[in-house]
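Counting convention: from 1, in listed order, for ligands and their atoms alike.
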Amino acid sequence: MDISYILNELGEERENYFNAIAPPIIQTSNFAFKKVDDLRKAFEDEMAGYLYSRGLNPTVDILRKKLAALDGAEDCLVFSSGAAAIFAGIFANVKSGDHIVSVNAPYTWAQRMFDIILPRFSVSTTYIDGTKIKDWDKATQSNTVLYYLESPNSWDFALQDIKSVAALAKSKSITTFIDNSYCTPLYQRPIEMGIDMTMQTATKYIGGHSDVLGGALCGNHAMMKKIFDSEYLNIGSGIQPFNAWLLIRGLRTLPARLNRISNTTTEVIQFLKQHPKVEGVIFPFDESFPQYQLAKQQMTGACGLFTFILKTGKMESIVKFCESLQHIMMAVSWGGHESLVIPKCSGIDPKHFDPDNREHRYVRMYAGLEEPHYLIADLEQALAKMN
Ligand SMILES: *Cc1c(COP(=O)(O)O)cnc(C)c1O
């Protein structure tokens, strides 16, 4: 399906709402019935029609259709956050006694689920450096039911060979789940590579303006129905109509924003790489990246989020750099209009800061929609203030 069609037309039945260009926000909790028989049918299968907005809602449905098509998936469920989508997707696929193999250091709240919540239900997780296919094989047990991928990882950008991991999982009847937030389906298409379920936080690139949270889960219809009938309805973490409307709005400009951010990222990285106070950059599309070949093979784009390593022996100079930035803000998240940094040392007890550990000198940056020269000038003056 053509991406322009998906973003501008798919799912939008304008003749049903006065030919308005923008879809209505159907801000209702419930839907009325004229016939008892129709009500009975709705009770039998809540995924077949509108009954109550904890289940289906027409505004949310427009978004579901677009996100499923973008992913090349049969169906999509949209949640109130990416974390909620991860929770439902995993929880629906495990039972007591099961085992999960996950990449090292997955997104914080996926890891908390594996480490804190699932062990209460006797579901265990083995973490591996997912870069080598043989490690997936080695970590697999007779009770392994799920492989959890995040490629690229949003902190160290490590990739997994998605096709090979999916093929291995298929040969063992193991379900695969990938966090595809970094690439979005515009730059990486895991379903086509054999992955069963993809998740992306819509809070980042889809929303695009740092004003809404959401999360998408895509897969085949049977899987989405299974999740809808249990976790989606039971937890009640579906997205609200107004937030779905904001995400539809964000989708209109997604390709233009990613394109702009890709160009800016290239310029900012070029500047950082030649700077004497920068030891290096970690970015999948930079030639110095250890998995550059794989990145080029399975991703059609990379942008926005990267890490650079400051050359310094002191935590104070990293602090000085970050606090000297005048336009680039210090905040979590990414994917919005605004550029951001987050230094690794903000998560480290200052007593434990070790300059010999490269990771402690990481600064993760997200390049937003500002002019590249504006960002470079800001970085330059802040680097100059480091001592
Ligand atoms: C932000 C993020 C999430 C979680 O999304 P929320 O919408 O914040 O819940 C999941 N994975 C990655 C890689 C993220 O960056």
Shortest heavy-atom approach to atom 13 (C) of ligand 1 - which of Val332, Asn153, Asp179, Thr108: Asp179
If only side-chain N and O atoms count, and only distance matters, is there a donor-acceptor pair under 3.5 Å linking Asn143 with His99? no
Do Ser262 and Tyr187 have a side chain donor and acceptor closer than 3.5 Å? yes
Please classify the Trp334 to ligand 1 contact at 4.0 Å (heavy-atom distances, strictly less than): side chain, backbone, both or neither. side chain
Between Thr198 and Asp71: side-chain donor-acceptor atoms closer than 3.5 Å: yes
Give a yes-or-no answer on whether the side chains of Thr131 and Gln291 include a donor-acceptor pair shorter than 3.5 Å. no
Is there any side-chain hydrogen bond (donor to acceptor under 3.5 Å, both in side chains) pair reaching into residues 28-43, and which pairs are they, with sequence neighbours excluded? Asp37-Arg40
Would you say Ala83 and ligand 1 have an N/O pair spaced under 3.5 Å apart? yes
Would you mind running through ligand 1 and noting each atom that sits below 4.0 Å from a heavy atom of Gly214? 7 (O)
Taking the ring of Trp155 and the ring of Tyr107, is the distance between their centroids below 6.0 Å? no
Considering non-hydrogen atoms of the protein only, which is the closest contact for atom 8 (O) of ligand 1, and what is the distance? Tyr107 OH, 3.9 Å
Under 3.5 Å, N or O to N or O, is Gly82 touching ligand 1 that way? yes
Can you list the atoms of ligand 1 that are under 4.0 Å from a heavy atom of Thr203? 6 (P), 7 (O)
Any N or O of Ser154 that comes nearer than 3.5 Å to an N or O of ligand 1? no
Show me the donor-acceptor pairs within less than 3.5 Å that the side chains of residues 114-123 make with the rest of the protein, sequence neighbours left out.
{"residue": "Asp115", "atom": "OD1", "partner": "Tyr127", "partner atom": "OH", "Å": "2.7"}
{"residue": "Asp115", "atom": "OD2", "partner": "Gln111", "partner atom": "NE2", "Å": "3.4"}

Residue, atom name and distance, where the atom is the protein heavy atom closest to atom 14 (C) of ligand 1: Lys204 NZ, 2.9 Å
Quick check on contacts: which atoms of ligand 1 are under 4.0 angstrom from a heavy atom of Glu150? 13 (C)
